[in-house]
Structure formats: C-alpha cells, structure tokens
Visitor: 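One structure, pasted below without further comment.
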Amino acid sequence: MARLFGTDGVRGLANADLTPELAMSVAAAAARVLYDRDDSQRRVALVGRDPRASGEMLEAAVTAGLTSAGADVLRVGVLPTPAVAHLVADLGADFGVMISASHNPMPDNGIKLFAAGGNKLPDTVEDEIEARLNEQVDRPTGAQVGRVRDVPDAVRRYVDHLLTAAPQPLDGLKVVVDCANGAASVAAPEAYRRAGAEVIAISAEPDGININDGVGSTHLEVLQAAVLEHGADLGIAHDGDADRCLAVDATGAAVDGDQIMAVLAVAMHEAGELTENTLVATVMSNLGLHLAMREQGVALRTTAVGDRYVLEELRAGGFALGGEQSGHVVLPGHATTGDGLLTALRLMGRMAATGTPLASLAKVMRRLPQVLINVRVADKATVCAAADVASAVAAAEAELGDTGRILLRPSGTEQLVRVMVEAQSEDRAQAVAERLAELVASIR
C-alpha cells in the first residue's frame with residue numbers, strides 16, 4: 001500500500017480521499033504519538049486551517065479526534081501555515097495541526113502536523129502515526145475528555161512576530177499583494193501596512209470556493225497586471241496557505257524563489273548573518289543561482305526536492321537561509337518552516353534599506369532558460385537505471401559544459417520521469433530536453 005503521508009502531510013480530494021473519518025483517526029493517533037509529557041498534564045493541540053469550504057468539515061473532524069484522545073484544542077481559525085507553526089511554539093502547545101492543501105485546487109485538502117516548537121515531523125514519526133491509526137485504546141471519559149478554546153488574537157500574535165523578525169520600515173513602498181483568496185487574506189495586508197507600506201490587496205476575499213482559482217503564486221498574470229495598473233513598486237504573490245512568496249517587479253516581470261533567495265543571501269552575507277556564507281536550495285534551482293552565488297562568494301548546498309529536505313539540511317548545518325524556486329523560503333532564525341509573509345517583508349526591507357528597485361536587486365542572478373518535460377513511462381525505476389539513458393545524459397552534459405545543466409528525476413507519486421535541461425539559450429535547452437525525453441520514452 002502507498003504511504004499515507006506524502007512530502008507535505010496527508011493530502012487528497014476532500015470527502016473522498018481525505019474523509020472526516022480519516023481526519024479524525026489521524027488526529028487521534030497524532031495525539032497519542034506526539035504527546036511527550038507525563039499524564040499529570042493535559043496535552044494541548046493547536047488547530048488552524050485555510051479558508052477552503054472543506055476545511056470547516058475537516059476542522060470539526062480533527063477537533064473531535066484530538067479531544068476524543070484527551071487533548072485540549074486551541075482553535076486559531078483561518079491562518080497561514082507558518083502562523084500555525086509559530087503559534088505552536090508561542091502558545092506552548094504540544095503539537096499543531098494545519099488543515100490545508102496549499103496551492104492545490106479548492107476540492108483538495110490536507111493535514112499537516114507540527115511537533116512541539118513548530119517543527120515538521122520526520123518520516124519515522126509520521127510512519128508511527130500511520131501505524132497507530134486503527135489501534136484499539138481506552139478512550140478518556142468524563143472530565144478527561146479534551147476541551148476546545150478559541151484564540152481570538154491569533155492574527156495579531158503572528159503579525160507582531162513578523163514585525164519583530166523583519167523590523168525594517170517599509171515607508172515609501174507601494175505593494176500589491178495577491179492573497180490567492182487564501183489563508184493570508186487578513187494577515188498579509190495587515191502585516192505590510194503595519195510595516196509602513198502602502199498596500200493594495202487583491203484576491204483577498206475568500207468565500208470557501210475561490211481559493212487558488214486563477215490567482216496567487218501559481219497564476220502571476222493577475223498580479224502582474226495589477227502592479228502595472230497601480231504603478232506599484234512591486235507585487236507579492238502568496239499561495240493558498242501562504243508558505244510561499246513570489247514577486248513581480250515594477251515593470252511586471254516575475255521574480256521567482258531563486259532570485260528572491262539570491263537577493264536575501266547577498267543582504268545577509270553583507271550583514272554577516274549568513275552562517276558559513278552558505279545558502280541551501282534544491283536540485284531544481286536554476287543554474288543561474290549557482291553561478292550568482294559563486295560570484296558573490298556564497299556556497300550553495302543542494303538537497304532533494306521538497307522544503308522538508310531543505311529544512312533538514314538547514315538544521316543539520318545550522319545554516320540561516322534556504323528554499324525552493326517555487327517560493328518556499330526558510331529563515332530558521334525566525335521561522336521553523338517556509339513563511340511567505342516573512343520572506344516578503346525581508347525582500348521589501350532590502351528594497352527600502354538600499355533604495356533600490358526590485359528589478360535592479362534581482363539582477364544579481366540571471367536565470368538561464370530552463371525546459372522541463374514530464375515523460376510518462378512504464379517503470380520509472382527501470383528508466384533511471386538504464387545505461388543508455390546514463391550515457392545520453394553524460395554526452396549531453398559534455399556538450400553543454402559549464403553553461404548548462406541536466407537533471408533527470410522520477411516523480412514521487414506517478415510513473416513519470418522529469419527531464420530538466422538548462423542552457424544559455426531556450427532553443428538549445430529545448431532541443432536537448434526533447435532528445436533526452438524521446439530516449440526516456442523509448443525505454444521498456
């Protein structure tokens with residue numbers, strides 16, 4: 001059977017794959033596994049969600065599961081995922097639950113779990129929770145049943161934290177923020193206004209149905225048009241649960257996660273805040289980021305795809321900055337997970353501190369053309385182990401030299417092999433990618 005937990009919790013079509021019964025079972029099992037105090041103290045779980053309609057149903061199921069296991073529940077309502085992670089630590093909860101499917105379409109939903117301190121769970125703990133889903137236990141009764149309490153000042157607590165972590169005033173900046181009709185719809189505009197920026201909020205009217213619907217970090221066109229319409233200095237795009245941040249400069253050009261990391265790495269390097277002068281990114285980051293960091297005297301460590309692997313490397317080395325091209329950026333000194341609002345405040349802070357437009361800051365890195373082809377195959381393991389494929393990749397790498405890069409990566413969930421090629425020109429990258437994709441498709 002497939003593993004229940006994916007790279008970012010349990011996710012699926014709400015009320016079909018992810019049912020209330022499953023949500024209740026996961027919550028109850030998590031309460032049993034993650035509670036590490038003696039029985040004289042009641043365990044406390046913090047629960048938040050994004051605004052998609054199914055979140056109301058799943059919040060009720062998760063709350064029922066937690067309280068049935070004897071855990072008290074602090075409900076924080078609709079908040080970004082990084083806010084939930086922060087509040088787990090801030091309020092001294094034993095663990096946290098975030099109900100969200102991030103950038104996925106509205107019909108999907110998910111359950112993300114955080115340990116004490118707001119840290120993501122290692123695979124081994126998730127496996128233990130899955131193994132204990134259906135165990136028969138004596139449930140608490142009477143006064144031992146968990147209680148539920150709302151936290152009315154959750155947004156204020158989170159925004160206060162952000163302004164402490166990114167204290168640079170943003171006076172004089174005009175920003176358009178696309179909240180994806182998601183979890184950042186209240187917190188992001190409030191945070192940026194309190195920091196001093198003039199804020200124009202768009203896609204900030206969630207109705208439970210419109211989350212990620214043609215807006216947010218996966219659909220920058222709406223934000224690009226709004227930045228030009230309002231003559232803004234920049235635009236910020238979040239996804240449904242606001243752990244991502246992408247940007248748009250004053251000309252309407254997109255600024256991706258790699259460029260944002262490059263800007264922040266240079267700023268932290270200059271300030272002496274970049275531990276061991278090292279940035280952590282995934283293997284999918286553009287070769288341009290590698291070249292830019294080399295020029296700036298910053299070491300770049302790479303991990304497997306997924307922000308959890310970036311987090312693991314950051315913790316293992318004690319590094320201060322890492323992230324993904326998709327806009328997950330982690331600043332471990334201030335957050336235990338990717339935080340789109342913190343990233344945006346830091347990016348705008350660099351603009352304000354230097355008086356430099358975003359387009360000029362982003363020039364520290366030149367994105368090389370990148371072509372990605374997803375090839376459906378019969379057996380991705382066979383393809384990745386094929387000698388013909390290895391030989392073809394080696395020959396193509398020799399052909400590109402230092403001006404290009406090739407990455408073949410099996411999908412984590414489907415029988416797909418992703419062929420990614422970077423080169424000095426779009427045409428060359430496309431030609432090499434198509435040649436390799438054709439060979440991959442022929443392997444049986």
Visitor: For Glu276 versus Gly317, what's the shortest heavy-atom pair and its separation?
Guide: OE2-O, 4.4 Å
Visitor: Give a yes or no on this: more than 12 heavy atoms of other residues, nucleotides or ligands lie within 6.0 Å of atom CZ of Arg315.
Guide: yes
Visitor: Quick one: does any side-chain atom of Lys174 pair with a main-chain N or O of His230 as donor and acceptor, under 3.5 Å?
Guide: yes
Visitor: Is any side-chain heavy atom of Ser102 closer than 4.5 Å to one of Asp243?
Guide: yes
Visitor: Can we say Arg75 and Asp150 salt-bridge, meaning some charged N sits less than 4.0 Å from an Asp/Glu carboxylate O?
Guide: yes
Visitor: May I ask you to say whether Arg308 pairs ionically with Asp8, meaning some side-chain N is under 4.0 Å from a carboxylate O?
Guide: no
Visitor: Does atom CZ of Arg139 have more than 12 heavy-atom neighbours, drawn from other residues, nucleotides or ligands, at distances under 6.0 Å?
Guide: no
Visitor: Applying side chain to side chain contact (heavy atoms under 4.5 Å, CB included) to Val97 and Val26, what does each step give before you reach the verdict?
Guide: CA-CA 10 Å; Val97 184; Val26 169; over 6 Å; no
Visitor: Taking 4.0 angstrom as the limit, do Asp108 and Arg52 come out as a salt bridge?
Guide: no
Visitor: Going through the checks in order, is the side chain to side chain contact (heavy atoms under 4.5 Å, CB included) test met by Val78 and Val186?
Guide: CA-CA 9 Å; Val78 174; Val186 173; over 6 Å; no
Visitor: Tell me the closest heavy-atom pair linking Gln224 and Ala254, and the distance in Å.
Guide: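 It is NE2-N, 3.9 Å.
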Visitor: With a 3.5 Å distance limit and no angle check, can you tell me whether Glu59 reaches the backbone of Glu56 through a side-chain donor-acceptor pair?
Guide: no
Visitor: Can any side-chain N or O of Lys380 pair as donor or acceptor with the backbone N or O of Ser411 at less than 3.5 Å?
Guide: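 Yes; judged by distance alone, with no hydrogens or angles, the pair exists.
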Visitor: Looking only at heavy atoms, what is the nearest atom pair of Tyr192 and Gly340, with distance?
Guide: OH-O, 4.2 Å
Visitor: Within this structure, what is the CG-CG distance for the pair Asn15 and Leu22, rounded to the nearest 0.5 Å?
Guide: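 Atom-to-atom, Asn15:CG and Leu22:CG are 11.5 Å apart.
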Visitor: Could you pull out the closest heavy-atom pair between Met293 and Ala265, with the gap in Å?
Guide: SD-CB, 3.9 Å
Visitor: Any luck finding a side-chain donor-acceptor pair between Ser54 and Asn109 under 3.5 Å?
Guide: yes
Visitor: Which residue pairs pass the salt bridge (Lys or Arg N to Asp or Glu O under 4.0 Å) test with at least one member in residues 208-217, sequence neighbours excluded?
Guide: none
Visitor: Report the C-alpha distance between Leu13 and Leu18 in whole Å, list the side-chain angles of each, state the deciding distance to 0.1 Å, and finish with yes or no for side chain to side chain contact (heavy atoms under 4.5 Å, CB included).
Guide: CA-CA 6 Å; Leu13 182 60; Leu18 181 54; over 6 Å; no
Visitor: Decide, yes or no, whether a salt bridge links Arg350 with Glu270 under the criterion of side-chain N to carboxylate O below 4.0 Å.
Guide: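 Salt bridge present between Arg350 and Glu270.
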Visitor: For Asp160 and Arg194, run salt bridge (Lys or Arg N to Asp or Glu O under 4.0 Å): C-alpha distance rounded to whole Å, both residues' side-chain angles, the deciding distance at 0.1 Å, then the answer.
Guide: CA-CA 9 Å; Asp160 285 350; Arg194 283 183 55 188; 2.7 Å; yes
Visitor: Using a 3.5 Å distance criterion without hydrogens, assess whether the side chain of Ser185 forms a donor-acceptor pair with backbone atoms of Gly182.
Guide: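 A pair under 3.5 Å: yes.
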Visitor: How long is the gap from CG on Leu274 to CD on Gln296, to the nearest 0.5 Å?
Guide: 11.0 Å
Visitor: Excluding sequence neighbours, so at least two apart, what forms side-chain hydrogen bond (donor to acceptor under 3.5 Å, both in side chains) with His103?
Guide: Arg244
Visitor: Is the closest side-chain heavy-atom distance between Arg367 and Asp258 below 4.5 Å?
Guide: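 No - every pair of side-chain heavy atoms lies 4.5 Å or more apart.
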Visitor: For Glu205, does the CD atom sit with more than 12 other heavy atoms under 6.0 Å from it, leaving out its own atoms?
Guide: no
Visitor: Show the nearest heavy-atom pair for residues Ala166 and Leu345, with the distance to one decimal.
Guide: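 In terms of heavy atoms, the two residues are closest at CB-CB, 3.7 Å.
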Visitor: Kindly say whether Val44 contributes a backbone atom to a donor-acceptor pair with the side chain of Asp94 at under 3.5 angstrom?
Guide: yes
Visitor: State, to 0.1 Å, how close Asp241 and Ser100 come at their nearest heavy-atom pair, and which atoms those are.
Guide: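 That closest heavy-atom pairing would be CB-OG, 3.2 Å.
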Visitor: Please round to the nearest 0.5 Å and tell me the distance separating atom OG1 of Thr63 and atom CD1 of Ile99.
Guide: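 The distance works out to 6.5 Å.
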Visitor: I'd like to know whether Leu133 forms a side chain to side chain contact (heavy atoms under 4.5 Å, CB included) with Leu4, so could you lay out the CA-CA distance, the side-chain angles of the two residues, the decisive distance to 0.1 Å, and finally the verdict.
Guide: CA-CA 11 Å; Leu133 282 183; Leu4 177 65; 3.7 Å; yes
Visitor: Looking just at side-chain N and O atoms, do Arg405 and His290 make a donor-acceptor pair shorter than 3.5 Å?
Guide: no
Visitor: Once rounded to the nearest 0.5 Å, what's the spacing between atom CD of Gln370 and atom CG of Asn286?
Guide: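 Reported value, rounded in 0.5 Å steps: 5.0 Å.
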Visitor: Do Glu221 and Leu223 come close enough that some side-chain heavy atom pair is under 4.5 Å?
Guide: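 No, side chains not in contact.
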Visitor: Test of understanding: with side-chain contact (heavy atoms from CB on, under 4.5 Å), list the residues that count as partners of Ser203, not counting sequence neighbours.
Guide: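 By the side-chain contact (heavy atoms from CB on, under 4.5 Å) rule, Ser203 matches Asp178, Asn181, Val215.
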Visitor: Would you say the side-chain atoms of Asp233 pair up with the backbone N or O of Val175, donor to acceptor, closer than 3.5 Å?
Guide: no
Visitor: Without swapping roles, check the side chain of His161 against the backbone of Ala83 for a donor-acceptor pair under 3.5 Å.
Guide: no
Visitor: Is there a side-chain contact between Val155 and Leu79 (heavy atoms, below 4.5 Å)?
Guide: yes
Visitor: How long is the span from the CZ atom in Arg294 to the CG atom in Leu289, to the nearest 0.5 Å?
Guide: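 Answer rounded to 0.5 Å: 11.0 Å.
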Visitor: Are the side chain of Glu126 and the backbone of Phe5 linked by a donor-acceptor contact shorter than 3.5 Å?
Guide: no
Visitor: When rounded to the nearest 0.5 angstrom, what distance separates CG in Leu246 from CG in Asp239?
Guide: 8.5 Å
Visitor: Are the side chains of Ile236 and Cys245 in contact, using a 4.5 Å heavy-atom criterion?
Guide: yes
Visitor: Any sub-3.5 Å donor-acceptor pair from Arg32's side-chain atoms to Arg132's backbone N or O?
Guide: yes
Visitor: Check whether any side-chain heavy atom of Arg3 sits under 4.5 Å from a side-chain heavy atom of Asp127, and report yes or no.
Guide: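 The answer is yes; the side chains approach within 4.5 Å.
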Visitor: Does any non-hydrogen side-chain atom of Tyr158 lie less than 4.5 Å from one of Val76?
Guide: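 Not touching, per the 4.5 Å side-chain cut-off.
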Visitor: For residues Thr282 and Gln325, determine if any side-chain heavy atom of one lies less than 4.5 Å from a side-chain heavy atom of the other.
Guide: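 Counting from C-beta outward, Thr282 and Gln325 never come under 4.5 Å.
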